[in-house]
Peer 1: 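What follows is a structure written as structure tokens; I'll ask about it next.
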Amino acid sequence: QVQLVESGGGLVQPGGSLRLSCAASGFTLDYYVIGWFRQAPGKEREGVSCISSSDGSISTYYVDSVKGRFSISRDNAKNTVYLQMNMLKPEDTAVYYCAATVDICYSGSLSSAGWYRYWGQGTQVTVSS
């Protein structure tokens, strides 16, 4: 049974950091793209970052709003993907979801949430003073 479980969300002050985790079970990360999406109240779900591995090379992508602040990585031994979020801003407040589908990570990987087959339950990130 495929399952994605996010953790690591919470309340943080502007300028602070959080690290989100996405633990995968029922499949291995190889040949899958893992995407991080977020959804703020009253807004559509938007892609944030993705990661994939193909022939030993890692591909990552970030949307412009998080470039230089967020970093995505994976631990194959733990079958887990991480999203390190630094210099957080109030506009980063949202429920963050990880999702997986068979594909590679590229600029178009985050354009449609509907492309992803498996989803986690989400974790709340609140950036506020």
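These numbers come from a predicted model, not from an experiment.
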Peer 1: So which pairs with a foot in residues 52-129 pass disulfide bond (SG atoms under 2.5 Å apart), sequence neighbours left out?
Peer 2: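 As it turns out, the disulfide bond (SG atoms under 2.5 Å apart) pairs with a partner in residues 52-129, which skip direct neighbours, are Cys22-Cys98, Cys50-Cys105.
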
Peer 1: Which atoms form the tightest heavy-atom contact between Val2 and Gly26, and what is the distance?
Peer 2: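 Nearest heavy atoms, Val2 then Gly26: CG2-O, 4.0 Å.
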
Peer 1: Could you check Thr93, Val95, Leu20, Leu83 and say which one makes a side chain to side chain contact (heavy atoms under 4.5 Å, CB included) with Val125?
Peer 2: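 Only match with Val125 under side chain to side chain contact (heavy atoms under 4.5 Å, CB included): Leu20.
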
Peer 1: Would the distance check show the side chain of Asn79 and the main-chain N or O of Ala24 forming a donor-acceptor pair, the cut-off being under 3.5 Å?
Peer 2: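 Yes, Asn79 side chain to Ala24 backbone: donor-acceptor pair under 3.5 Å.
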
Peer 1: Work out which heavy atom in Ile34 is nearest to a heavy atom in Ile72; give both atom names and the distance.
Peer 2: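 In this case the closest contact between Ile34 and Ile72 is O-CD1, 4.2 Å.
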
Peer 1: Could you report the tightest heavy-atom contact between Ser128 and Pro14, atom names first, then the distance?
Peer 2: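 What the structure gives for the nearest pair is C-CD, 3.6 Å.
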
Peer 1: Tell me whether Ile58 shares a hydrophobic cluster with Val81, the cluster being built from Ile, Leu, Val, Met, Phe, Trp, Tyr side chains joined at under 4.5 Å.
Peer 2: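 Yes; Val81 is reachable from Ile58 via cluster members.
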
Peer 1: Does Met87 belong to the same Ile/Leu/Val/Met/Phe/Trp/Tyr cluster as Val12, with side-chain heavy atoms less than 4.5 Å apart forming each link?
Peer 2: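 No.
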
Peer 1: Please check if Met85 and Leu11 belong to a single hydrophobic cluster, counting links between Ile, Leu, Val, Met, Phe, Trp and Tyr side chain heavy atoms closer than 4.5 Å.
Peer 2: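 No, separate clusters.
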
Peer 1: Can you get from Val66 to Tyr96 by hopping between Ile, Leu, Val, Met, Phe, Trp and Tyr side chains that sit under 4.5 Å apart?
Peer 2: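 Same hydrophobic cluster.
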
Peer 1: Taking only residues at least two apart or on different chains, which pairs with a member in residues 25-45 satisfy salt bridge (charged side-chain N to carboxylate O under 4.0 Å, His left out)?
Peer 2: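 For residues 25-45: Asp30-Arg74, Arg38-Glu46, Arg38-Asp92.
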
Peer 1: Working to the nearest 0.5 angstrom, can you tell me the gap between Trp115 CH2 and Thr101 OG1?
Peer 2: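 Reported to 0.5 Å precision, the distance equals 6.5 Å.
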
Peer 1: Got a sec, which pairs hit ring pair (Phe, Tyr, Trp, His ring centres under 6.0 Å) with one end in residues 51-77, sequence neighbours left out?
Peer 2: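 Non-adjacent pairs meeting ring pair (Phe, Tyr, Trp, His ring centres under 6.0 Å): zero.
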
Peer 1: Could you tell me which residues satisfy side-chain hydrogen bond (donor to acceptor under 3.5 Å, both in side chains) with Thr126, sequence neighbours excluded, listed by chain and number?
Peer 2: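 If we apply the side-chain hydrogen bond (donor to acceptor under 3.5 Å, both in side chains) test to Thr126, skipping adjacent residues, the hits are Gln124.
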
Peer 1: Val127, Val63: one ILVMFWY side-chain cluster at the under-4.5 Å cut-off?
Peer 2: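 Hydrophobic grouping puts Val127 with Val63.
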
Peer 1: Would the distance check show the side chain of Gln121 and the main-chain N or O of Glu6 forming a donor-acceptor pair, the cut-off being under 3.5 Å?
Peer 2: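 Looks like yes, one N/O pair under 3.5 Å.
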
Peer 1: How far apart are the closest heavy atoms of Asn86 and Ser17, and which atoms are they?
Peer 2: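 The pair with the smallest heavy-atom distance is OD1-OG, 2.9 Å.
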
Peer 1: Under the rule for side-chain hydrogen bond (donor to acceptor under 3.5 Å, both in side chains), what residues qualify as partners of Ser7, not counting sequence neighbours?
Peer 2: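 If we apply the side-chain hydrogen bond (donor to acceptor under 3.5 Å, both in side chains) test to Ser7, skipping adjacent residues, there are no hits.
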
Peer 1: Can you pull out every ring pair (Phe, Tyr, Trp, His ring centres under 6.0 Å) where at least one residue sits in residues 30-58? Sequence neighbours excluded, please.
Peer 2: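 Pairs touching residues 30-58 that pass the test: Phe27-Tyr32, Phe37-Tyr116, Phe37-Trp119.
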
Peer 1: With sequence neighbours excluded, tell me which residues meet side-chain hydrogen bond (donor to acceptor under 3.5 Å, both in side chains) with Gln3.
Peer 2: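 Result, side-chain hydrogen bond (donor to acceptor under 3.5 Å, both in side chains) vs Gln3: none returned.
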
Peer 1: Each residue besides Tyr106 in its hydrophobic cluster should be listed here, by chain and number; the cluster joins Ile, Leu, Val, Met, Phe, Trp and Tyr at side-chain heavy-atom distances under 4.5 Å.
Peer 2: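 Ile104, which link up through side-chain heavy atoms under 4.5 Å apart, make up the rest of the cluster.
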
Peer 1: About how many Å separate OG of Ser109 and CG of Asp103, when rounded to the nearest 0.5 Å?
Peer 2: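 Atom-to-atom, Asp103:CG and Ser109:OG are 5.5 Å apart.
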
